[in-house]
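See below for the structure under consideration.
Numbered from 1 within each chain, the chains take letters A, B, ... in sequence-line order.
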4 protein chains.
Amino acid sequence: MTPPPSEPRDGPSANRGVPGRKRSEQSREALLQAARELSVSVQRYRDISIQAIAKRASSSKATIYRWWTSKAELIRDAVLDQPLPMPRGDSLRADIESAIRSQREIMKTAASLPVFAGTWAELVENRVLANQGGPMQDCPLGSQMVGILESVFDRARQRGDWEGPVHLHAAYEVLFGSLFCRLIGQFGDFNEEELDRLTLRVIEAARPLSNSDSR
Amino acid sequence: MTPPPSEPRDGPSANRGVPGRKRSEQSREALLQAARELSVSVQRYRDISIQAIAKRASSSKATIYRWWTSKAELIRDAVLDQPLPMPRGDSLRADIESAIRSQREIMKTAASLPVFAGTWAELVENRVLANQGGPMQDCPLGSQMVGILESVFDRARQRGDWEGPVHLHAAYEVLFGSLFCRLIGQFGDFNEEELDRLTLRVIEAARPLSNSDSR
Amino acid sequence: MTPPPSEPRDGPSANRGVPGRKRSEQSREALLQAARELSVSVQRYRDISIQAIAKRASSSKATIYRWWTSKAELIRDAVLDQPLPMPRGDSLRADIESAIRSQREIMKTAASLPVFAGTWAELVENRVLANQGGPMQDCPLGSQMVGILESVFDRARQRGDWEGPVHLHAAYEVLFGSLFCRLIGQFGDFNEEELDRLTLRVIEAARPLSNSDSR
Amino acid sequence: MTPPPSEPRDGPSANRGVPGRKRSEQSREALLQAARELSVSVQRYRDISIQAIAKRASSSKATIYRWWTSKAELIRDAVLDQPLPMPRGDSLRADIESAIRSQREIMKTAASLPVFAGTWAELVENRVLANQGGPMQDCPLGSQMVGILESVFDRARQRGDWEGPVHLHAAYEVLFGSLFCRLIGQFGDFNEEELDRLTLRVIEAARPLSNSDSR
DNA sequence: GTATAACCGAGACGGTACGTCAAGTCTTGTT
DNA sequence: AACAAGACTTGACGTACCGTCTCGGTTATAC
């Protein structure tokens, strides 16, 4: 959607020969920063106006739409597209717990919860309108998390902590769904014990069914 | 918010002697029905306009705002406030699976997914603005589900299928979170096997931790 | 338009035998009084709401519309329909001056100027809609004034102060038009000298043209 | 209120360097024209809706409110702000008569009478709300007429037709007030004789009082 | 250097929904 | 039958903000 930083696409001098002023990376950063600031200072998604972002960034609406196709895209890039650190613990359990903590942290700090919900809702709208489906491609958090889980379980397998296939999807759903449910649903945050239990639930979700199961 | 049908609040004859035209139950139903119809015929929450609902119900904007404080409240009452049937199976597993199916059905049919997401997002906004917290009180689905889980586990205990305490909250989070994640996140629907696995995950989430736990 | 006091129409007992509660003259007076009070306490015609009048009179909207066909009619009856005293001076000049003073007083005190203008405007609308024309029949001030001028000039003729025909219409226009212009147009009020000059202008306007006229 | 055509304020190049899209003169004209058309095609002031003006002008409500603060301002600019031609006769009497005819023409053709009245009433309201007073500044007809009278009497003085001071204010009141009274009051129009008489009355009103006056 | 072209800020534009408000009508139960 | 209360339909209002477009002006490469 967003051709990020613009040069990196084909190397720094790929557009050699193209006349005209180049995009201002400074503007882009200022806009993202302004969007981030507004996102936390505001109580509703609709309170973040494109106009206000442009003004705060000493930029203009037109420049925003030159880089992003919609308000939701901008907020997503500004607020949700933050790198999740790859867990580097020495056990599957420690890694999963670390992943949960990272994601929770972003969901709590990146924006107020309603902004989070509003952005997500609008991204869903956009996607449906464009007839796109697939696994959470609009939510960087989501796609990153899938990668992280994959890598974490790989390491566990190498470590000998895990055998057989991994139900990544199920693990992801338990992890992300529970967090979402909690934070958006405003139950309040997890305490340490709940975090521990969630970790185990995620791991269990990933484990394939044995032939013996409950009633 | 909406004092529904109006009389039932204090019994049928509590407002005997109250002068003035009574609330038109016909209008109320027509508005809810119109909201329901628009909710499924439309791809985005914002495409449901108050004006259109009023027009389709042969009613008026003013009447809507007399009874609901916002568009989101109306959509919630129309679309999300549908009774979840109480499962009546002969095993815990059957009951949980039934609960999951019911909720999934509502989430899939009551409105298009983006409408669901948009409504939820706006309800979250309203709640934050009003400084209210607590467990999903704005989402009837959520609160009903908690009651259903409670009852289902109670029956399991009486049946001898369950011992000890129940982590209702955890079960709820796995169930609702996974569904939400799936349907809103547009992974597509669950197949039978996934449904089966989700059922087991919900049950496991409710079970308290034993002292022996995974790696 | 307004069936005034209602009984006088066919005598006090004409509707003997007609079942049902009789109209409350008390209500009617309370409504007029409430309209009068609101008219002076408010800056714009639109700030006088039917609802507010009804409430202040401890009456109801329905009752208002049972007696008057529109808001403007009510305000007219309440605010503009005040008796102009018949001048009883001993000279034409004194009488005219007295008439001017009376009318000015009503225009200044009966309602704020904008309320006066708004009421008039709406009365004009109603009249045009009803395809009625004719001399100011909706503005009691106007019709009374014509009568007063007529009588005043009659007495002057009897007194020997006036000979020949009277251009009542012209006198009325100068008198009423100047006042209207001044007060609605917000030039401020007349001082004594201006009042004196206006008096003379009104008298001159009534005098038929002689054969010799100005340059 | 409306900074008309926008450049002419300080000369054609005063706003050199001012960024931003310039006001669309085409929009402005289309809106004024649409307002004019609606003003004559309609029987009541309230029947001219901002929405309808915008639509007819292929413009939008937002654009209207960007340049005019209220409906009344727009109608005023569209309908009342039409240039009065300066009389160029060879006698005072001819000039005054010409001025009367011009003003009458505008009052009769610019809008239906109720629209005229409604606009004026709302302008009066606005002015009172803003605590502004002064001589008819909201009614271009009014202020133009004062200038025209001034100039006409100046020329009469140079011509030798007039001596001494002029009571402009009084002349204005008789002229404008009579016209207003007639047309708004719906007495019907002036005939030639009445016009003639009005002309003389206006001239007499301007003449200062001599020491000998009527009874 | 000078031409060209993409960028930039500012901000006006068309469009559309919102939520408010008052007018005038209708309904209900009481007097 | 008239009344107070109050819910109803209607429709304009004025606001807000989206995403687009038009300005004048500013770079940066190409010739």
### Task
Using side-chain hydrogen bond (donor to acceptor under 3.5 Å, both in side chains) as the criterion, list what pairs up with R66(D), not counting sequence neighbours.
none

### Message
Taking salt bridge (charged side-chain N to carboxylate O under 4.0 Å, His left out) as the definition, give me every residue that meets it alongside R44(D), ordered by chain and number, with sequence neighbours left out.
### Response
D47(D)

### Query
Atom CD of Q26(A) to atom P of dC7(E): distance rounded to whole Å?
17 Å

### Query
Once you round it to whole Å, what is the distance between C1' of dC17(F) and OH of Y45(A)?
12 Å

#### Entry: Side-chain touch I75(D)/I48(D), heavy atoms, less than 4.5 angstrom
yes

### Query
Who pairs with E122(D) by salt bridge (charged side-chain N to carboxylate O under 4.0 Å, His left out), at least two apart in sequence or on another chain?
none

### Summary
The side-chain hydrogen bond (donor to acceptor under 3.5 Å, both in side chains) partners of S60(C) (sequence neighbours excluded) come to T63(C)

### Query
Rounded to the nearest Å, what distance is computed from the CG atom of residue L74(C) to the P atom of nucleotide dG24(E)?
10 Å

#### Entry: Earlier contact from the 5' end, DNA chain E, for S70(C) and L31(D)
L31(D)

### Message
Taking the nucleotide of DNA chain F with the nearest heavy atom to each, does E122(D) or A72(A) sit closer to the 5' end?
### Response
E122(D)

### Value in whole Å for how far the C1' atom of dC18(E) lies from CH2 of W68(B)
17 Å

### Task
Let me know the distance between CD1 of I53(B) and P of dA17(E), rounded to the nearest Å.
12 Å

### R44(B) CZ - dG19(F) C1' separation (whole Å)
12 Å

### Under the side-chain hydrogen bond (donor to acceptor under 3.5 Å, both in side chains) test, residues paired with E37(B) that sit two or more places apart
Q33(B), R56(B)

### Task
Send over the distance from E73(C) CD to dG24(E) P, rounded to a whole Å.
10 Å

### Query
How long is the line joining CG of N126(A) and C1' of dG19(F), in whole Å?
13 Å

## Note on the structure
Reading nucleotides 8-13 of chain F from 5' to 3' and marking B where a protein heavy atom lies under 4.0 Å of the base, S where only the sugar-phosphate is that close, and - otherwise, the string is BBB-SB

